[in-house]
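Report on one structure; see the data block that follows.
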Amino acid sequence: MENLMEKEIAAIRHFNRYYTNLLGILDQHFLKSPYSLSEIRVLYEINKYKKCTIKKLSEILTMDEGYLSRIIKKFQKEGILEKARSETDGRSYILSITR
């Protein structure tokens, strides 16, 4: 039963992500935040998934890797995100939120 619920929740999230992206809502800023909805979603997913990579984020968020890379560079410059080379795959970097 729980597995079915998790699948339904994942399907709803996928639907929401797809249509917010399609409708262009992702670049809007909310509640006087300095970050767009897409930037907040990136931070949320990095925090949610341990050992999160850019490739994984791109798949989860259905976001272009180039756009995602620019967001990540911005966060690194601001000091809110760190990248560390993956121990299992030297081509990948693990993303994490700083304190």
Derivation and outcome, side chain to side chain contact (heavy atoms under 4.5 Å, CB included), residues L43 and E39: CA-CA 6 Å; L43 290 174; E39 291 170 335; 5.8 Å; no
Residue list, side chain to side chain contact (heavy atoms under 4.5 Å, CB included) with I12, at least two apart or on another chain: N16
Residue pair F75 / I97, side-chain heavy-atom distance below 4.5 Å: no
Atom pair CG (L61) and OG (S38), whose distance is rounded to the nearest 0.5 Å: 9.0 Å
Quick one: side chains of residues 46-60, donor-acceptor pairs under 3.5 Å with protein atoms, not counting sequence neighbours, listed by atom name and distance.
unit_1 : atom_1 : unit_2 : atom_2 : d
K50    : NZ     : N47    : O      : 3.0
T53    : OG1    : K56    : N      : 3.1
S58    : OG     : M63    : O      : 2.7

Side chains of residues 76-86: which donor-acceptor pairs under 3.5 Å do they make with residues two or more places apart or in other chains?
unit_1 : atom_1 : unit_2 : atom_2 : d
E78    : OE1    : Y35    : OH     : 2.8
R85    : NH1    : G90    : O      : 2.3
R85    : NH2    : Y93    : OH     : 2.7
S86    : OG     : T88    : N      : 3.2
S86    : OG     : T88    : OG1    : 3.2
S86    : OG     : D89    : N      : 3.2

Validation row: N3, E6 side chains within 4.5 angstrom (heavy atoms): yes
